[in-house]
Amino acid sequence: MPVRHLFAAASTALLGYAGRATPSAAHLLVQPAGVGAYTMTAGRLWALAAMLLGLVGVVVGGLALARAAGRIGIGDARSGAVVALVAGLAGTVIGGLVVAAADGGPGTGYGIVGGYLALVVGPAGAVVGGLALTRVRRTG
């Protein structure tokens, strides 16, 4: 058997296997029709993670801003500002992906409300981190 036929047979076998596996795995990606209000779905989990990243950005950025102003003398203001900036940007990106991937509105389990909240809190964390970073550069 020529090598060309061997590659063709192998690719056909792999495509055939993937073709059979796709319909059986598709039910894992589809949300059930009736999702409860307190059911933790994948979309809600990602939205929660994005909101927490944004909130961490706001809190750490606020602490870094206070350190740069000389009100709190513990810790390094520059590293806190960088952490706040990165956490805020990561929360914004993840929140945007959750909103873009959501197929339904509020209450469907896709996490669209949390995604929109992450799109508010994430940029706030990035802005506070950026302000702290510029203040650290100015004073240091």
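Values below: every heavy atom of this structure, side chains too, minus hydrogens, waters and symmetry copies.
Nearest heavy-atom pair, A87 versus V56, reported as atom, atom and distance to 0.1 Å: CB-CG1, 4.4 Å. Closest non-hydrogen pair, A118 versus G95, comes out as CB-CA, 3.9 Å. What you find for A84 and G129 is that their closest heavy atoms are CB-CA, 3.8 Å. Across every non-hydrogen atom of G61 and A132, the tightest pair is O-CB, 3.9 Å.
In the hydrophobic clustering of this structure, L117 does not group with V98; members are Ile, Leu, Val, Met, Phe, Trp, Tyr whose side-chain heavy atoms approach within less than 4.5 Å, directly or through other members.
None of L89, I94, V86 except one satisfies the side-chain contact (heavy atoms from CB on, under 4.5 Å) rule with L53; the exception is I94. Applying the side-chain contact (heavy atoms from CB on, under 4.5 Å) test between V60 and each of L85, L65, V83, V82 identifies V83 as the sole match.
With a 4.5 Å cut-off on side-chain heavy atoms, M51 and V121 do not count as touching. The side-chain heavy atoms of V99 and Y116, taken from C-beta on, include a pair separated by under 4.5 Å.
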